[in-house]
Amino acid sequence: KAGVTQTPRYLIKTRGQQVTLSCSPISGHRSVSWYQQTPGQGLQFLFEYFSETQRNKGNFPGRFSGRQFSNSRSEMNVSTLELGDSALYLCASSVGTGQIYEQYFGPGTRLTVT
Amino acid sequence: GENVEQHPSTLSVQEGDSAVIKCTYSDSASNYFPWYKQELGKGPQLIIDIRSNVGEKKDQRIAVTLNKTAKHFSLHITETQPEDSAVYFCAASPSPGGTSYGKLTFGQGTILTVHP
C-alpha cells in the first residue's frame, strides 16, 4: 500500500505571498490531519479533515486554512506569509472512524519564507 | 489542554546498550500514546503505540510502558544499533471526538545517538 504523499517537497516564498500544499492520504483513509514542525515550537496541530469537513482546529491564525476533497486528498493554504511561517508542514493520514487512532505521516513540505 | 513533557532532550549510548525515553502528560482523558521516530529529511514514522487499557507492549527490541496513575509512559529500546539514531517523539491523545479528532499532542523530542 502506498504511503502518504505530499507535494511539493520544498517551497520558497516571499513574505506577503500565499501558498498551497497538497496531501494524498493512504488509500482507504478518510482523515487527514495537518501539523507544523519548527525547531522552537516542535510539532503543533493545525487542523483535521474527515469526509470533506473540518472536525478540529488548532490554535493558528485564520491565515491558515484547509480543505478536503471527495477523494480524501487535502490541501492547506497559508495566506499573507510571514517569516515565522517557515517550517516543515506535515500531513498525517488515519482511518478516522471508531477507535482506530493510528496516524501515518507523509514526508512533509519544507516551506521557506524570505 | 493536554501538555506532554519529554526527557531527556538528547541521549547518547554505545551500540548494544539500552535507551530509555520518558514522557509525562497532563490530561487524564488521554488514552492513546504513540511513539514516532523521525530521521533527517523524513516525516515521523509510527514505531509503537499503547492504549490506556494496557500497561506494557513489546515489539522486538522496542517496548513501551504506561503508568496511568502517575500519568507517564516510557519507550525502551534494547540492544541499540547505529540505525536507531534519530529523533524520537512521544504523543498523547484522548478518544477521538469533539475537540480531539485527529489531534496528537507531542513531546519536544529526544535526539538519540548510538555510537558504533
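Below, read A as the first sequence line, B as the second, and so on, with proteins coming before strands; counting in each chain starts at 1.
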Looking at B:Asn53, I want to see if its CG is surrounded by more than 12 non-hydrogen atoms of other residues, nucleotides or ligands under 6.0 Å.
yes

If two hydrophobic side chains count as joined below 4.5 Å and joins carry through other members, does A:Tyr104 share a cluster with A:Val32?
no

In one Ile/Leu/Val/Met/Phe/Trp/Tyr side-chain cluster, 4.5 Å: A:Tyr49, A:Ile26:
no

Transitively linked via ILVMFWY side-chain contacts under 4.5 Å: B:Ile47 with B:Ile77?
yes

Mind checking the NZ-CD spacing from B:Lys103 to A:Gln103? Nearest 0.5 Å is all I need.
12.0 Å

Under a 4.5 Å heavy-atom cut-off, does chain B meet the side chain of A:Leu46, its backbone, both or neither?
neither

Euclidean distance, B:Lys42 NZ relative to A:Phe105 CZ, rounded to 0.5 Å
16.0 Å

Against chain A, label B:Gln45 side chain, backbone, both or neither, depending on which of its atoms sit under 4.5 Å from a heavy atom there.
neither

Report the C-alpha separation of B:Tyr36 and A:Leu43 in whole Å, then their side-chain angles, then the decisive distance to 0.1 Å, and conclude whether the side chain to side chain contact (heavy atoms under 4.5 Å, CB included) test is met.
CA-CA 12 Å; B:Tyr36 288 87; A:Leu43 280 149; over 6 Å; no

With a 4.5 Å cut-off on heavy-atom pairs, point out which of A:Glu102, A:Arg55, A:Gln41 contacts chain B the most.
A:Arg55

Most chain B-contacting option - heavy-atom pairs closer than 4.5 Å, from A:Arg9, A:Glu48, A:Gln44:
A:Glu48

Mind checking whether A:Tyr35 and B:Phe106 have ring centres under 6.0 Å apart?
yes

Quick check on B:Lys22: does its NZ atom have over 12 non-hydrogen neighbours (other residues, nucleotides or ligands) under 6.0 Å away?
no

Taking every non-hydrogen atom, the tightest pair across B:Leu104 and A:Phe45
O-CB, 4.5 Å

Considering residues, nucleotides and ligands other than B:Leu40, do more than 12 of their heavy atoms fall under 6.0 Å from its CG?
no

Indicate, with yes or no, if A:Phe60 and A:Val113 share a hydrophobic cluster defined by side-chain heavy-atom contacts under 4.5 Å among Ile, Leu, Val, Met, Phe, Trp and Tyr.
yes

I'd like to know which of B:Gly107, B:Pro44, B:Gly43, B:Gly41 tops the heavy-atom pair count under 4.5 Å against chain A.
B:Pro44

Can you confirm whether B:Gln81 is buried at CD, in the sense that more than 12 heavy atoms of other residues, nucleotides or ligands lie under 6.0 Å from that atom?
yes

Under 6.0 Å from the CD atom of B:Gln60, do we count more than 12 heavy atoms belonging to anything else shown?
no

Considering all heavy atoms, the nearest A:Ser33-B:Gly102 contact
OG-O, 3.0 Å

Bottom line for B:Thr105: the part with an atom under 4.5 Å from chain A's heavy atoms is neither

Less than 6.0 angstrom separating the ring centers of B:Tyr101 and A:Phe50, yes or no?
no

